[in-house]
Protein chains: 2
Amino acid sequence: MPNVRLRDVAERAGVSVRTVSNVVNDFAHVAPATRERVHRAIDELGYRPNFAARQLRQGRTGVISLVVAEIDSPYFAELASVVVRVAESRGWDVHIDQTDGDPDRERRMLSGPLGQQVDGVIFSPWALAPAELTQRAPSTPLVVLGERQAHGQVDHVAVDNVAAAHAATAHLIDSGRQHIVAVGLQPHLSNETALLRQRGYHRALAAAGRSPDPRREIAVERLHRSDGAQAVARLLQDGTTFDSLFCFTDQLALGAIRALADQGLKVPDDVAVVGFDDIEDGRYAVPSLSTVAPDKRQIAEVALQLLEHRIQDPAAPVVDFVAAHELLIRQSSSPVTINPRDAGVS
Amino acid sequence: MPNVRLRDVAERAGVSVRTVSNVVNDFAHVAPATRERVHRAIDELGYRPNFAARQLRQGRTGVISLVVAEIDSPYFAELASVVVRVAESRGWDVHIDQTDGDPDRERRMLSGPLGQQVDGVIFSPWALAPAELTQRAPSTPLVVLGERQAHGQVDHVAVDNVAAAHAATAHLIDSGRQHIVAVGLQPHLSNETALLRQRGYHRALAAAGRSPDPRREIAVERLHRSDGAQAVARLLQDGTTFDSLFCFTDQLALGAIRALADQGLKVPDDVAVVGFDDIEDGRYAVPSLSTVAPDKRQIAEVALQLLEHRIQDPAAPVVDFVAAHELLIRQSSSPVTINPRDAGVS
DNA sequence: TTCCTAGTTTGCAACGTTGCAATACTGTCT
DNA sequence: AGACAGTATTGCAACGTTGCAAACTAGGAA
């Protein structure tokens, strides 16, 4: 009998439907005896409030959703995990939705059925243009993670990608690396995050009086480990000289390290590698991976706070929050003590 | 104006509410002219069907959910990703929900609001006892992944853990390893999966005429990399001799490899390592990780098929499906060609 | 012309819940 | 005794949709 209704409980307890509703919702003025009787009827019948009816009536669900492109990408998985925990602690239930970077599905998450099942959405866009995000004004409250936003149009949380990439590159320069390759451009996606990291990389080079070299800026299709491995393969094949890699994600970096190992190149001795994201794999990789660590906890907390704010007051001014990050230097880019030669590869 | 209703569209198009509903639902007998007019009104007003009302009326949502303990565990993340893609291709939308292994939250996913927002649940239980799963008969259609089930009470998909663990252990024996340590028991959780893998390990030992040794069976708190690293630390500290590890998950194995590297032990030369799950990290790790690969695609497809079946016919007989697996031998356990000594560690 | 059929459109009711506001009850105070 | 305050309980309507079955239209067959 999945269909026990308020009405059935009411009949059984000998009270009105409304009284049962009052009991269920902990309304103040219910006589203890009545409350007791209703509770017993509820237990006996196994009553469960119908969620759809409730939502229809009051227009709220108590659920928010987190929309990401790929849940099997460790950065998103780890971030999702934190978001769920933070939200849980504040009384929200959380759905995670995966779009595979498909624009249709991204759209659907915002305005389709799934967007309607929730009171708000934390969204890490991939394919959807900023314009689309903002013109859907009438829809669900929204907070955007990562770059790719229409500045000042939607609440937004991200690290300072330029500064972070600058720091990572500067660290390689300071450790005496001469030929630093940037891995992770995505010209085909007009991926704003990649552009910002590239800019930070350029600025660090410029600050050291070096000029960028197109051969040392590698584009990738996606951001998986295989793309990082391919990037290294291409470098070696083209005969480009390099002694260090700044990879725009840890996954790229781990794939690159793997490819380097296959070629007998040592990390960090021959090639230093720095990634971005601080995923767990990197901490336990051999060698452990230097990386830029965004403060995931802060990102999750602020995103949720902004979303709650937005739900409460849809007209509040838009917030653009810059989350903290930290450069973690581990083995993959530690200064080489013995034989610190300028290990080139032709 | 988020509140455009069927009624508003009807007024604008000069037809009845019912006709608009017919158009929205692609009912056959609607005059082309009318349909056209209604569509225009819909576009002009930006009408979106109210999902809650629809669900209330027809009792279906078109959404299923996948409930896992930890979405940041790569195995679950990868599996989730596949499930979402398969479901998507069959016209379902999918929510992913994370419980952190909290029994309350696991329960809530099944019978609480979230359970009601969906037509069915694919559930990878952690803390919830089998009994609880089955006694909630009146609730959402359910398919259980992984072991820990009440056999024959709920539809269920899992690999043959005993056979898989047997194969992994036998492989180590066949490559000449003498002291094989099993890492990943979880006595505190009565984790059935771990028990089955332990059984397979025992049987392989027995088949080779060896007897199990409690010192070579390491319990862990959780299944993270850090637990694998700790297990190795404990072995070394206790002075237990070993030349190979069979880790019950890839994460444990990767943590173990990391700890071995820190101690200057070479994999596979000094210690061979085999994991379980075939997560992407293992494929790109240095050295690449040998592992038991469950057929995730098959698991996802069968689980979904069973769920659809169950939704359609709640009274159908219960199915227990054994998914395929494969032992993938990579670098971490490849027979050592040069100097294949029995590298012991005291 | 009338009847019938197929095509088109519609009104009514109901899904299960809660907001609103009215009513009934109890006891206290004047 | 009557008025009043507060507590307890209730009926009605509405949230936005779709199932049902009736009603209306036109066109062709009898």
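A note on names: the letters A, B, ... follow the listed sequences, proteins ahead of strands, and every chain is numbered from 1.
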Exercise for the section: To the nearest Å, give me how far apart CZ (B:R60) and P (C:dC15) are. Expected result: 19 Å
Problem - side-chain N/O A:T34 vs D:dT9 OP1/OP2, d < 4.0 Å - result: yes
Completion exercise
Taking C:dC15, C:dC20, D:dA14 as options, the one with an atom nearest any side-chain atom of A:R18 is C:dC20
Problem - Sugar-phosphate only, base, or nothing, as touched by B:N25 at under 4.0 Å among non-hydrogen atoms - result: sugar-phosphate
Handout entry: Shortest side-chain distance from B:R57, nucleotide among C:dA13, C:dT18, C:dT10
Key = C:dA13
Exercise for the section: Tell me, yes or no, whether the heavy-atom count around B:R85 atom CZ, taken from other residues, nucleotides or ligands under 6.0 Å, exceeds 12. Expected result: yes
Handout entry: Short side-chain N/O contact to C:dG16 OP1/OP2 from A:R7, under 4.0 Å
Key = no
Fill in the blank from the handout: Ranking A:V30 and B:P49 by the position along DNA chain D of their nearest nucleotide, the one closer to 5' is A:V30
Practice task
Look at A:S21 and C:dT18 and indicate whether a side-chain polar atom (N or O) is within less than 4.0 Å of OP1 or OP2.
Solution key: yes
Exercise for the section: Among the candidates C:dT17, C:dT18, C:dG11, find the nucleotide nearest to the side-chain atoms of B:S16. Expected result: C:dG11
Practice task
For the side chain of B:H29, starting at C-beta, report the closest nucleotide among C:dT10, C:dT8, D:dT17.
Solution key: C:dT8
Exercise for the section: Please tell me which of B:V17 and B:L56 maps to the more 5' nucleotide of DNA chain C, matching each residue to the nucleotide holding its nearest heavy atom. Expected result: B:V17
Problem - Short side-chain N/O contact from A:R54 to OP1 or OP2 of C:dT18, under 4.0 Å - result: yes
Exercise for the section: Indicate yes or no: at least one non-hydrogen side-chain atom of B:H39 is less than 4.5 angstrom from one of B:V23. Expected result: yes
Practice task
Can you figure out which of C:dT18, C:dT9, D:dT9 approaches the side chain of A:T19 most closely?
Solution key: D:dT9
Practice task
Go through D:dT9, C:dT17, D:dT10 for me and flag the one nearest to the A:V15 side chain.
Solution key: D:dT10
Practice task
Ignoring hydrogens and angles, tell me if any N or O in the side chain of A:D119 forms a donor-acceptor pair with the backbone of A:I64 under 3.5 Å.
Solution key: no
Fill in the blank from the handout: Picking from C:dT9, C:dT17, D:dT18, the nucleotide nearest the side-chain atoms of B:L6 would be D:dT18
Practice task
Please work out if A:Y47 contacts a base, only the sugar-phosphate, or nothing of the nucleic acid, heavy-atom cut-off 4.0 Å.
Solution key: sugar-phosphate
Exercise for the section: May I ask you to test the A:R18-A:L6 pair for a side-chain heavy-atom distance under 4.5 Å? Expected result: no
Handout entry: Side chain A:Q117, main chain B:Q117, donor-acceptor under 3.5 Å
Key = yes
Exercise for the section: For B:F27 and D:dT17, give me the distance from atom CZ to atom P, rounded to whole Å. Expected result: 18 Å
